[in-house]
Amino acid sequence: MKKNSSFQSTGSAGGGSGTGTGSRSGSFNLRNLSKVILPPLGGPSAGQSPNNGGSDKWVISPLDSRYRWWDTLMVVMVAYSAWVYLFEVAFMNASPKGGLEVADIVVDLFFAVDIVLTFFVAYIDPRSQLLVCDRKKITFRYLSTFFIMDVASSIPFQAFAYFITGEVREDAVYSVLGLLRLWRLRRVNQFFTRLEKDIRFSYFWIRSARLVAVTLFVVHCAGCLYYLIADRYPHSEKTWIGAVIPNFRQASLGIRYITAIYWSITTMTTVGYGDLCARNTIEMIFNIFYMFFNLGLTSYLIGNMTNLVVEGTGRTMEFRSSIRAASSFVGRNHLPPRLKQQILAHMCLKFRVENLNQQQLLDELPKPIYKSICEHLFVPVVKDVYLFNGVSREMLLSLVTKMRPEYIPPKEEVIVQNEAPDDVYVVVSGEVEVILFDGIDERVEATLGTRDIFGEVSALSDRAQAFTFRTRTLSQLLRLKQATLKEAMQNRPEDSVVVIKNFLKHHVEMHGINVEDLLIDNIGEHDDDANVLTVAAMGNSGLLEDLLRAGKDADVGDAKGRTALHIAASNGYEDCVLVLLKHACNVNIKDAQGNTAMWNAIAAGHHKIFNILYQFAHASNPHAGGDVLCLAARRGDLDALRELLKLGLDVDSEDHDGATALRVAMANGHVDVARFLIMNGASVDKANLDDDGSSAARLTMSPTELRELLQKRELGHSITIVDSSPAVVPDGGSSGHSRPGRLQSTSSDNQRSPRVSLYKGHPSLRNRSSEAGKLINLREATMGEFKAIIGEKLKVDAEKALIVNDEGAEIDSIDVIRDNDKLFVVTQEDLRRLATMNLSSS
C-alpha cells in the first residue's frame, strides 16, 4: 500500500495488485473496459495484466491494443484469401497472374508470421475465463488444436508443385487442398462477435453487416462452384451457361462472373431461373443440395432480421438497448462526460458479470455447499485483513458467508467523503484510491490494494468517512453489511475484543488519533484497559459501550492521570460521557494537574456536558460546585468563573475545606478575581474576612477598596436580601448584603410563606402514571431544614438527592425558591436512568 505521510488511513499495509484495465496511470475509457479479464471470486488474477500478458515479457496479451490491430488486419487477409481463391479456381483455372499472384504470396507470408506469433499469444481459458500466460501451456494448446490446420491453410500447394515439377499443375487435388484456406474464416466470425459487444459501435449495423457478409460470401461461393461445374463439363453446350452463351469461355471474365452471381442470387431467393437452369445431371445434383442449403440459410437470415427489427437478440440486444437509453438520459439531462463514462462502464461490467452467472449459481446452492465455497474462496483473503488478525475461524466463516463479491469498474466512487456508508469493503483485487477533497482540489492520500479494507471506520466509530474511496482499476471487492459485522461482534465477545484491539492499534500506528502520552505502546498485549482511553479519544460511544460491557475499567488513567471521562469531557463527546456515567465511573477523580472532568468540560466550553457531570458529582459530593469554583479562583481563571456563574452555581458555594471562591481568591492574591466575585454577589461574611479585611485581604485589597466594591454592588443590584443579623462592614455602616441561608423578602407582596409542589424523580422521567407530588407551605428554613421536610414528606434520602426545578436546573440555595414553584427530588438512581435514556436517544 502506497501512503503519503499525511494520510490517516483505514487500510492495512500491503501491496495491491491490479487486474489490468489497460490504464495503469489511472486514465480510463470505455474502450479499456472491453479489454479486462474478470478475476476469479475471492482472488486476484495472479498479477496478470492484459497489457503485459503476465510476468513473461515475451507473452502477448490478446487484449493488447497492438495485437487487436494485428488481428483486425488478419481478418481482412482471411476475407481476401477466401474470396479470391474460389474466384481463381473457378474462373482462372487456379493460375493467377500479375497482381493477384503477388498478393497471394504476400497474404501467405502474413499467415506464416501469424502462426509464429500465435505461439506467444496468451489465451483465455474457456472454463475459468481467466488469462493463461504460461508459455508451455500456450505452446501445448496451440499444437494440440489449431496448429496443423493453420499450417495447412497457409501452404501454397500449387507453388510447391511448381518448384518440385517445374510446371504449373492444375489438378483437382491441388484445388481441393487450397480450399483449406477457408479454415481461417473462423477469425472473421470471432471478429464480428467482438464488435457486437463493443458499445462504441452500433449493434444494429454490426449485426446487419455480419448478415450481409454471410449472404454475399455464400452467393459468391455458390456462383464460383456452379461455374466450375460448367467449365469442367466436357459438353459445354449442355451446361447452364453454355445453353445461353455457346462460347462462354471466350467471353470476358466480368460477363462470366456476373452471370454466375446472377444465377446464385436467383436460386437463393427462389424467384425462378429464367434461362439459367440446370442442363445436365451434375448441375441438377448441385442445385438440389444448394436449394436444401438455401432453406437453412434463408431461415437463419429471416430469423436474425426478425430479432433485429422486432425482438432483438436476447440479452445482448437488451444490453445495447439499455446503453442507448443511458446515453439518451445523459444527453437529455446534460450530464458531464465523467458521469456518462461511469454509467456506461457500470452497465458494461454488469453485463459481463451476469454472463458468468456466478452469484446466481451461488444463491441456488445448498447452505453447506455455499459455506464451503466461501471458505475456499474468501477466507484466505479475509484472514489477512488487519481488522480480523487473530479472530477465530468460526468468526471468519460467519463473516465470509455474508459477504458478497462485486466487480467495480475504474474511476467509480464506492464511498463518498463525509458519507456514513452501510457497508464495509475488502479489496480482493485491483486498486482503490483514497481521496481527500478540501473544498477546492482533490488529493490522493493513498492507494489501497489486495487485502486492504475500508468503510470500517463508520462501522466501528459511528462516524462519517473522512475520505472518498474511488477505484483506480477494475476492482473486485467483498461487501459486508455493517450491521452484520456488529451482530457478529456482539455474538462473539472474545473475537469482538480482538477486532477492537486491531482497529485501535492500526489507527494509532497510522496516526489517526491525536492523543498524547496514552499508555498504548503495547496495546492489545499488556494493557487492555488503555483501549478505553483510546476509544474515548476517538469519540466512539458504541465501541466504548462494548469495552465497558466486557468488563474493562472505566476509571483507568493514562500517564498524566487522565481517565476516559477527562478525555471525553475535554473533547465534547457527550455520548461517551453518558456511557461512562452509565457504567458508574468516578466523576470526582483528579488528574496529575488536579483537574476533574467537570473542570475539563467547563474549560473547553462544553456546558451541557458540565451540567450532566455536575448533577452526578453533586449526588455523591455536596461540595462539587464549591470545589470547581475554588479551583477556578485559585488559578485566577476569570473566564471559567464567568461560565460557572452563568450556569447557575452559587457564588458562595463551599469546597470540601469549607472555603468559598472569594476566600481562595483573596488568599492567593488574585485581586481581579476577588473583585469579580464581590461584584457578582459573593458574601464577604462567608469569606471570613474580619473588620480589617483579614491578613490575606490586606495583602491584596485595602478596606477602603472593599467598601467601595460593596457600595457599587449595592447600587448595581435592585434585589436585596435582608437578614436578621446584617453584616457590618469596616466603616460600621450597613452593607445591605444579607447573610445567605434564610429566605426572607422586604417586599410587602410576599409576606406570606411561599407554597411549593414537590415531586419524586427528574422532570424528564415523569409521566402521567408517576407518583403524585406534595404541596407544602415553606416557612423560614435553611436548606438543610428544607431537605429534612422533603425526606419526611416524600420518604427519600434528601441529603444525597438533588433538588431541581422543572427545567432541570439545580436548587442549591433556599433564597431562589419562589411561590408556586415546582420542585423535583432527583436521586442518583434517577440520574443513571436519565443517562441511559439520553444515550439510547442519541
Side-chain angles (χ1 to χ4, degrees), residues 1-3 7-19 39 41-44 374 377-391 395-408 412-417 419-435 445-473 475-489 495-496 498-513 524 538 540 543:
M1 175 177 156
K2 300 171 279 292
K3 301 179 285 292
F7 173 59
Q8 300 173 1
S9 171
T10 61
S12 63
S17 62
T19 54
L41 291 177
C374 292
L377 295 177
F378 303 146
V379 167
V381 177
V382 176
K383 72 181 179 63
D384 292 334
V385 175
Y386 86 87
L387 193 66
F388 305 116
N389 285 339
V391 302
M395 175 79 163
L396 289 176
L397 286 177
S398 67
L399 292 177
V400 298
T401 54
K402 302 292 180 61
M403 291 182 173
R404 287 292 179 267
E406 292 184 352
Y407 294 98
I408 309 296
E412 182 168 320
E413 294 176 348
V414 184
I415 295 178
V416 180
Q417 186 173 331
E419 177 189 51
D422 296 328
D423 304 301
V424 177
Y425 296 89
V426 175
V427 182
V428 178
S429 61
E431 295 178 348
V432 178
E433 292 179 333
V434 184
I435 299 172
E445 298 290 330
T447 301
L448 305 181
T450 302
R451 292 173 172 79
D452 283 336
I453 187 173
F454 59 96
E456 83 282 15
V457 172
S458 294
L460 299 178
S461 300
D462 298 323
R463 285 182 166 188
Q465 286 287 350
F467 303 96
T468 292
F469 295 87
R470 181 186 300 159
T471 55
R472 183 171 182 262
T473 63
S475 302
Q476 182 188 171
L477 307 178
L478 292 178
R479 178 171 58 87
L480 177 66
K481 289 289 185 183
Q482 291 186 2
T484 303
L485 175 60
K486 292 179 179 179
E487 181 181 356
M489 293 175 62
D495 290 324
S496 175
V498 175
V499 170
I500 293 172
K501 289 180 184 177
N502 294 335
F503 179 72
L504 299 177
K505 182 178 179 181
H506 178 75
H507 275 265
V508 171
E509 292 174 351
M510 299 301 296
H511 309 290
I513 305 169
M538 295 167 55
N540 188 342
L543 208 53

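When reading the values below, keep in mind they use all heavy atoms of this one structure, side chains included, and skip hydrogens, waters and symmetry mates. The residues of the chain are indexed from 1 along the displayed sequence.
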Student: Measuring from atom NZ of Lys402 to atom CG of Leu478, what distance do you get when rounded to the nearest 0.5 angstrom?
Tutor: 15.0 Å
Student: Where do Arg451 and Val385 come nearest, in terms of heavy atoms and distance?
Tutor: O-CG2, 3.7 Å
Student: If I take atom CG from residue Leu480 and atom CG from residue Asp423, how far apart are they, to the nearest 0.5 angstrom?
Tutor: 8.0 Å
Student: Hey, which of Val432, Leu448, Thr450 is the one that makes side-chain contact (heavy atoms from CB on, under 4.5 Å) with Ser475?
Tutor: Val432
Student: Could you measure the distance from the CZ atom of Phe388 to the CG atom of Leu485? Nearest 0.5 Å is fine.
Tutor: 5.5 Å
Student: Between Arg404 and Thr401, what is the shortest heavy-atom contact and its length?
Tutor: NH1-O, 3.7 Å
Student: Can you find a pair of side-chain heavy atoms, one from Tyr386 and one from Ile453, that are under 4.5 Å apart?
Tutor: yes
Student: Is any side-chain N of the basic residue among Glu433 and Arg470 closer than 4.0 Å to the acidic one's carboxylate O?
Tutor: no
Student: Between Thr473 and Gly430 (side chain of the first, backbone of the second, donor and acceptor by atom type, cut-off under 3.5 Å), is there such a pair?
Tutor: no
Student: Between Thr484 and Gln482, is there a donor-acceptor pair closer than 3.5 Å when you use the side chain of the first and the backbone of the second?
Tutor: no
Student: Hey, is the main chain of Val427 close enough, under 3.5 Å, to the side chain of Asp452 for a donor-acceptor pair?
Tutor: no
Student: Compare every heavy atom of Ser496 with every heavy atom of Met489, then report the nearest pair and how far apart it is.
Tutor: O-CB, 3.2 Å
Student: Mind checking the CG-NZ spacing from Leu396 to Lys383? Nearest 0.5 Å is all I need.
Tutor: 9.0 Å
Student: Taking all non-hydrogen atoms of both residues into account, name the closest pair between Met403 and Val426 and its distance.
Tutor: CE-CG2, 4.4 Å
Student: Do you know the tightest heavy-atom contact between Val498 and Asn389?
Tutor: CG1-O, 3.3 Å
Student: Flag the pair Tyr425 / Val414 as yes when at least one side-chain heavy-atom distance between them is below 4.5 Å, and no otherwise.
Tutor: yes
Student: Find out whether Phe467 and Ile435 are in side-chain contact, i.e. whether some heavy atom of one side chain is under 4.5 Å from a heavy atom of the other.
Tutor: no
